[in-house]
There are 2 protein chains.
Amino acid sequence: MAKLPDDVPDCMVFLLAKAYQKAHANFKKQLIPYGLTNLQHLVLEGLWYKQGMTAAQLGNFLILDKATLSGVLERMVKAGWVEKKPDDKDKRLLSIHTSNKADDLKKDLIKERQTANEEILKNFSIEEKILFKRFLADVISCE
Amino acid sequence: MAKLPDDVPDCMVFLLAKAYQKAHANFKKQLIPYGLTNLQHLVLEGLWYKQGMTAAQLGNFLILDKATLSGVLERMVKAGWVEKKPDDKDKRLLSIHTSNKADDLKKDLIKERQTANEEILKNFSIEEKILFKRFLADVISCE
DNA sequence: TCTATATAGTTCGTATACGAAGGAGTTTAA
DNA sequence: TTAAACTCCTTCGTATACGAACTATATAGA
């Protein structure tokens, strides 16, 4: 990953893709011991933020396509990370909950994310960290 | 894409993923009329930078896994965007070249990328643009 | 109340990603 | 020179992504 052409392309599409690619790959390695993928970890964090969200709410919260979410939830149910509870009032809804297996690892898993974030920003000053996050949030929320 | 929780997560892994997701989705729409995917466009830009690279060189240059590259090149050959030329001296090598079909669209396709980049950075000042790119390049090249 | 519309999830098809293993060709070293 | 080590590329398996079509359910409005 270290050897970019000397003039790292002056292209935001490329820079964002490769910065994400690297952060994703590093975090992926950290999660291997847990048997979790990055996306599955994200789903758990989302549910710990607000337990019992429906699949639609979760997708909205985490900016995930419903088709993508449907697949990952199926695998997470099979692996025992989450449970789907049908709603009595509205039979279309599925309320998603983390399992005990997941909750037991909550502290460790959140710690892993913090470690990953520190690793990404280890060479940045406090001011730069704040600015960087603001820039990214602006890109995401723009329009 | 606009409705993040008010406190956009203070998590770099998430911010990088979603900023990339948005940039990728926007550029994807721009490329639909050409029948090109984002990755296929990237491959063409790589070859225009240095025509005739081997698959390995191209993957190294664009930071692409060889397995990913093998698949996309196969589809691009099939669609007539690139050609593979075996090397006479080293029979393991495949020299990749853009087709006339691709070269005819070169100006337009490069313009599309520029438009996409401008869109991403439209709300940033000159100083912020430079800083943002430096931050991303630092993340990519770190270590 | 009954139909048009809208929403929640699933499923399908295609295209990345990428670890792992494999086949073919090349280099290195004893 | 020849076997071990390397390199290039392909193939396979699994997991995202996401547009599109589909089923089931709910709600709005005539």
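Order of the sequence lines fixes the chain letters, A, B, ..., with proteins taken first and strands second; residue numbering starts at 1 for each chain. What you see is a predicted model; the values in this text were computed from it and never measured.
When hydrophobic side chains of Ile, Leu, Val, Met, Phe, Trp and Tyr are connected at separations under 4.5 Å, Ile32(A) ends up as a singleton with no cluster partners. Other cluster members for Leu93(B): none, since no ILVMFWY side-chain heavy atom sits under 4.5 Å from it.
Taken residue by residue, residues 71-87 of chain B places heavy atoms nearer than 4.0 Å to DNA chain D at Lys84(B).
Summarising the geometry, the separation between CG on Leu69(B) and P on dA15(C) is reported as 16 Å, rounded to the nearest angstrom. To the nearest angstrom, C1' of dA15(C) lies 16 Å from CZ of Phe27(B). One can place CD of Gln57(A) at 14 Å from C1' of dG9(C), the figure rounded to the nearest angstrom. With rounding to whole Å, His41(A) atom NE2 is found 18 Å from dA15(D) atom P. The CG atom of Asn38(B) sits 18 Å away from the P atom of dT14(C) (whole-angstrom rounding). The separation between Leu93(A) atom CG and dA6(C) atom P is 18 Å, rounded to whole Å.
For Thr37(B), no side-chain nitrogen or oxygen approaches OP1 or OP2 of dT14(C) to under 4.0 Å. Between Thr54(B) and dC8(D) there is no side-chain N or O to OP1 or OP2 distance below 4.0 Å.
Across all strands shown, Ser70(A) has heavy atoms under 4.0 Å from base atoms, whether or not it also approaches the sugar-phosphate.
With sequence neighbours left out, the side-chain contact (heavy atoms from CB on, under 4.5 Å) criterion links Glu83(A) to Lys85(A), Ser99(A). Under the rule for a side chain to side chain donor-acceptor pair (under 3.5 Å), Lys107(B) has no partner lying at least two apart in sequence or in another chain. Remark: Ser70(A) pairs with no residue by the side-chain contact (heavy atoms from CB on, under 4.5 Å) rule, at least two apart or across chains. Legend: residues meeting side-chain contact (heavy atoms from CB on, under 4.5 Å) with Ile130(B), ordered by chain and number and at least two apart, are Ile126(B).
Aromatic rings from Tyr20(B) and His24(A) are positioned such that their centres are separated by 6.0 Å or more.
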In residues 115-122 of chain A, what donor-acceptor pairs under 3.5 Å come from side-chain atoms, sequence neighbours left out?
residue, atom, partner, partner atom, Å
Thr115(A), OG1, Lys111(A), O, 3.0
Asn117(A), OD1, Met12(B), N, 2.9
Asn117(A), OD1, Val13(B), N, 3.1
Asn117(A), ND2, Arg113(A), O, 3.3
Glu119(A), OE2, Lys122(A), NZ, 3.2

List the protein contact pattern of nucleotides 17-25 of chain C with one symbol per nucleotide (5' to 3'): B for base contact, S for sugar-phosphate-only contact, - for none; contact means a heavy-atom distance under 4.0 Å. BBBB----B

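One side chain, Tyr34(B) or Glu112(B), offers a donor N or O that lies under 3.5 Å from an acceptor on the other.
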